[in-house]
Amino acid sequence: MEKFLIILMTSVLVNNYVLSRFLGICPFLGVSKKLNQAVGMGLSVTFVMLMSAAATYPIYTYLLVPNGMDYMKTIVFILVIAALVQLVEIILKRYIPALHKSLGIYLPLITTNCAVLGVTINNINDGFGFAESMVSALGCGLGFLLAMVLFAGVRSRIEDANPPESFKGLPITLISASIVALSFMGFTGLVDGIFGK
Amino acid sequence: MTVLIATLIVAAIGLICAIMLVLASKFFAVPEDKRFSDIRECLPGANCGACGYAGCDGYAKALAEDDSVKTNLCIPGADAVAKQIADILGKEAEDVIEQVAVIHCYGDCNHTVNKMDYVGISSCGAAKTMYGGNGKCNFGCIGFGDCVKACPQNAICLQNGIAHVNTRLCIGCGICTRTCPQHLITLMADEENLLVTCSNKEKGAAARAKCSNACIGCKKCEKNCPSGAIKVENNLAVIDYSLCTKCGLCAENCPVGCILVSDFNGIHKAGNRS
């Protein structure tokens, strides 16, 4: 149990995919303007991460490794994840059109979201089993959601502020993103401290 | 052999994914509103955004889904398109108030001079960063034709160093109003006949020293207007078209002649007439 907690804490806070590993920056900057969209994006990324971790683990363990093809995992994973996201998009369009509309162009972008690919590949590099992979994927998704929500709050403040002309728009957003990322450095050593390793 | 197995496995995974997606798109297909494609077909397809939606697709979608969206928002399409849309939706056709772009500056080479020889990038936006443009008047048309390049109808041309809108070609999309770094271009209902051709907000003498067409803020127009439609704000005459009765007394009494009397009929009215 403690192992799962450690994985969860590590992936949400210490190794946050957006703010510590700098994966998935595109949706992080693109959809964080409004809180509800940020939450929608965060939830769908979490969902896609869980699905892809669940789908890629058996493919890797039972198909690629026995055939000595583990070097092909990147390509195979990209293929599987892309198909999965398309599937999610079709289902969302059918059942939650409002979310589909507000995510707009960013939903297909999850197809090539490196955070999703990163989760699946890191699970394997870290030698996780199926249950651990799922926990890790959930943690990474929640970490992404957390980063999105936090940054949506930061951005709503920036909207009201009046930065110098040349900083308006993306520059000030990038600067504040870096400051938020810097604050996440504070979580380094958190897990060691709590679980006393 | 290894290569063959690898290829086969990847191909098999791809095939399975493809079959899955095909099945999903069959079973989870969303029935598309037929009215959407009908409306989309009769819109001009310029994606100018004058209706306030993100392109023609956005407007067509809004019309098909939301009953309260007005049918007369497509300014380039004008009455003809508004009528087609109303027919598809089974609503009463509403008249479109056609708009044309007008330029609030007439400081051409006969009225004003350049304060410097600008040899940089040939764009108004770039020239404006250099001491507010090369013209003597910092409010006026810079004359490198950013609007000319932006106009989808080729309705704007450069003459004597400033931009002119040929309203007969103008579809009123408003792209030029967002392009002009001096914000000189506005959209105006094409049935109006009076236009203040100056944007200089300096005091009379200072404005006059820069351009002989400049509004000097003398308020003569304001005093002569029978309906109180023209007001001098910040040393510049501004017409409130909702009050204007098109009598033209302001233009007659303007000592510098910066109020232009003309017929600004746009492409639709001009086309109807001929």
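A note on names: the letters A, B, ... follow the listed sequences, proteins ahead of strands, and every chain is numbered from 1. What you see below is based on every heavy atom in this structure, not just the backbone, and it leaves out hydrogens, waters and symmetry mates. Everything numeric here is computed off the predicted structure, so don't read it as measured data.
Remark: B:Lys70 NZ is loosely packed, at most 12 non-hydrogen atoms of other residues, nucleotides or ligands lying under 6.0 Å away. At most 12 non-hydrogen atoms from other residues, nucleotides or ligands lie less than 6.0 angstrom from NZ of B:Lys203. Remark: B:Tyr59 OH is packed, more than 12 non-hydrogen atoms of other residues, nucleotides or ligands lying under 6.0 Å away. For A:Lys33, the NZ atom sits in a loose shell: 12 or fewer heavy atoms of surrounding residues, nucleotides or ligands are nearer than 6.0 Å. For A:Phe167, the CZ atom sits in a loose shell: 12 or fewer heavy atoms of surrounding residues, nucleotides or ligands are nearer than 6.0 Å. Around CZ of A:Phe128, the count of heavy atoms belonging to other residues, nucleotides or ligands within 6.0 Å exceeds 12. The number of heavy atoms from other shown groups lying within 6.0 Å of CD1 (A:Ile75) does not exceed 12.
Annotation: the span from B:Ile13 atom CD1 to A:Phe77 atom CZ amounts to 9.0 Å, rounded to 0.5 Å. To the nearest 0.5 Å, atom CZ of residue B:Phe28 and atom CD1 of residue A:Ile91 are 4.5 Å apart. Rounding to the nearest 0.5 angstrom, the gap separating the CG atom in A:Leu84 from the SG atom in B:Cys17 is 7.5 Å. Rounding to the nearest 0.5 Å gives a distance of 7.0 Å between OG1 of B:Thr7 and CE of A:Met72.
Every residue two or more places apart in sequence or in another chain that forms a side-chain hydrogen bond (donor to acceptor under 3.5 Å, both in side chains) with B:Thr197 is listed here: B:Asn213.
Under the 4.5 Å side-chain criterion, counting only non-hydrogen atoms from C-beta, B:Ile9 is not in contact with A:Val76.
Identified by a heavy-atom distance below 4.5 Å to chain A, the contributing residues of residues 18-26 of chain B are B:Met20, B:Leu21, B:Ala24, B:Ser25, in residue-number order.
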